[in-house]
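Before any comments, here is the structure.
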Amino acid sequence: MDITVEVVPALYAVRLTAANYTGTVHWYEDEGATNRHIGDGAVLMDRRGRLNQELTYFAVDDVETKSATATIPADLPVLSSTATSVAWEVEVIRWRPLRGYGLSTAHFVLGRSDPFVTIHPAAFPEGQLQLLARTPTQRERIVDLIRPGDPLHIRTTCPERLATFEFIVRSWADPFLSDEARDGYATVDIDYQAVQEVLATQPAPDRTYGDVAADHTTYQEVADLYASYQGLLDGVQA
């Protein structure tokens, strides 16, 4: 099997091509702890690849596995449609604070003082994504992405300040930065609901429970050292 991994700069995407393969080709991208399944087929476009990082792609057919690398360059975060190939660089002013809602419910039953509780996972968070539109063209590009109603995907160039996440638009507005300068910059303020995946609101720990447990013979030894699981991940002993 021969594979080609080619960056398409205008789309902030990677074109994956396989030739001389046997059976079905399955494509994956190495994300460290897990492999992201991109899809199956001889030719695919990966529109979710992380920006400014070397990406390692694997193609697996019925006989062998081949790999190749690529890097998607970007100066700013990239906002893209999940239904089309349209993608634009955007300037993000803010995307937090996030608002989350618990869906568990307390039911008060006659004859007993303690409520009966039904447990449900909390909903994905929502918030406001504020983008800067320096020109009417930039504003129209953002609005054109919003109009079809498809979920949107934003990829960060700085994980410490902005997450990569997928969302739907609930409402939007495009005020001027100043009422005294209506010929100046505008913003596009998007009220969004996160979907599909949880927002990365804090960095992943650099060690796991397995790393710590390897240095101890019993669970009790670990429990005596750390007051909580988060303390274990942070390396803060009780």
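For the numbers below, each heavy atom of this structure counts, side chains included, while hydrogens, waters and symmetry mates do not.
Atom CZ of Arg15 sits about 11.5 Å away from atom CG of Leu44, to the nearest 0.5 Å. To the nearest 0.5 Å, the span separating CG on Leu131 from CH2 on Trp88 amounts to 14.5 Å. Rounded to the nearest 0.5 Å, atoms CE (Met45) and CG (Leu11) are 5.0 Å apart. Once rounded to the nearest 0.5 Å, the distance linking NE2 of His153 with CD of Glu166 reads 6.0 Å. With rounding to the nearest 0.5 angstrom, the OH atom of Tyr12 is 9.5 Å from the CZ atom of Arg155. Atom OG of Ser81 is separated from atom CZ of Arg47 by 8.5 Å, given to the nearest 0.5 angstrom.
Side-chain contact between Ile93 and Glu91: absent, with no pair of heavy atoms (C-beta onward) separated by less than 4.5 Å. Two residues are said to be in side-chain contact when any heavy atoms from C-beta on lie closer than 4.5 Å; Leu162 and Ile154 meet this criterion. Contact check for Asp224 versus Glu221: no side-chain heavy atoms found under the 4.5 Å cut-off. Between Thr69 and Leu55, every side-chain heavy-atom pair lies at or beyond the 4.5 Å cut-off. Leu16 has its side chain out of reach of Val43: every pair of non-hydrogen atoms, C-beta onward, lies at least 4.5 Å apart. Here the side chains of Pro175 and Thr187 are in contact, with some heavy-atom distance below 4.5 Å. Between Asp40 and Val25 there is no side-chain heavy-atom pair separated by less than 4.5 Å.
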request  = Evaluate the criterion ring pair (Phe, Tyr, Trp, His ring centres under 6.0 Å) for residue pair Tyr192 and Phe165; output intermediate values, then yes/no.
outcome  = CA-CA 11 Å; Tyr192 70 86; Phe165 61 97; 5.3 Å; yes

inquiry  = I'd like to know whether Asp75 forms a side chain to side chain contact (heavy atoms under 4.5 Å, CB included) with Thr157, so could you lay out the CA-CA distance, the side-chain angles of the two residues, the decisive distance to 0.1 Å, and finally the verdict.
reply    = CA-CA 7 Å; Asp75 296 322; Thr157 52; over 6 Å; no

Check against side-chain hydrogen bond (donor to acceptor under 3.5 Å, both in side chains), His107 and Thr118 = CA-CA 8 Å; His107 306 273; Thr118 54; 3.2 Å; yes

task = Mind running side-chain hydrogen bond (donor to acceptor under 3.5 Å, both in side chains) on Asp150 and Thr82 for me, showing each step along the way?
result = CA-CA 7 Å; Asp150 303 314; Thr82 59; 5.9 Å; no

request  = Verify side chain to side chain contact (heavy atoms under 4.5 Å, CB included) between Tyr185 and Thr135, making sure each step is shown before the conclusion.
outcome  = CA-CA 7 Å; Tyr185 298 165; Thr135 65; over 6 Å; no

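Side chain of Thr164 to main chain of Thr156: a donor-acceptor pair is present (N/O by atom type, distance under 3.5 Å, no hydrogens or angles). No donor-acceptor pair under 3.5 Å is formed between the side chain of Arg96 and the backbone N or O of Leu98. Listed for the Thr22 side chain is no donor-acceptor partner under 3.5 Å among the backbone atoms of Val63. In this structure, the side chain of Trp95 does not engage the main chain of Gln128 through any donor-acceptor pair within 3.5 Å. Remark: the backbone N or O of Phe58 is not paired with any side-chain donor or acceptor of Lys66 at under 3.5 angstrom. Judged by distance alone, with hydrogens and angles left aside, the side-chain atoms of Glu126 form no donor-acceptor pair with the main-chain N or O of Ala194 at under 3.5 Å. Distance alone, capped at 3.5 Å, places no donor-acceptor pair between the Glu140 side chain and the Pro136 backbone.
Using a 4.5 Å cut-off between side-chain heavy atoms of Ile, Leu, Val, Met, Phe, Trp and Tyr, with links allowed through other members, Ile72 and Ile38 fall into the same hydrophobic cluster. The cluster map of Ile, Leu, Val, Met, Phe, Trp and Tyr, joined by side-chain heavy atoms under 4.5 Å apart, puts Leu152 and Val90 in the same cluster. If you chain together hydrophobic residues whose side chains sit under 4.5 Å apart, Val169 and Leu145 fall into the same group. Val188 and Val86 fall within the same hydrophobic cluster, where Ile, Leu, Val, Met, Phe, Trp and Tyr residues are linked whenever their side-chain heavy atoms come under 4.5 Å apart, directly or through other members. In the hydrophobic clustering of ILVMFWY residues, with side-chain heavy atoms under 4.5 Å counting as a link, Leu76 and Val78 come out apart.
Ion pair Arg36/Asp46 flagged as a salt bridge, since at least one NZ, NE, NH1 or NH2 atom sits closer than 4.0 Å to an Asp/Glu carboxylate oxygen. We find that Arg141 and Asp144 are not joined by a salt bridge, their nearest charged nitrogen and carboxylate oxygen being 4.0 Å or further apart. The pair Glu29-Arg50 meets the salt-bridge criterion, with a side-chain N (NZ, NE, NH1 or NH2) lying under 4.0 Å from an Asp/Glu carboxylate O.
Taking both residues in full, the closest heavy atoms of Asp62 and Gly23 are given as OD2-CA, 3.2 Å, listed atom of the first, atom of the second, then distance. Residues Phe167 and Ile190 share a closest heavy-atom pair of CE1-CG2, 4.2 Å. Considering every non-hydrogen atom in both Val5 and Ala70, the closest pair reads CG1-CB, 3.5 Å. Summarising the geometry of Ile3 relative to Ala59, their closest heavy-atom pair is CG2-CB, 3.7 Å, with the distance given to 0.1 Å. The shortest non-hydrogen separation linking Ala74 to Glu89 is CA-OE2, 3.4 Å. Between Pro115 and Ala106 the shortest heavy-atom distance is CB-CB, 4.0 Å.
Atom CZ of Arg94 has more than 12 neighbouring heavy atoms from other residues, nucleotides or ligands inside a 6.0 Å radius. Annotation: Tyr21, atom OH; neighbour count of heavy atoms from other residues, nucleotides and ligands within 6.0 Å does not exceed 12.
Looking at Gln130 and Asp189, their side chains do bring a donor and an acceptor atom within 3.5 Å of each other.
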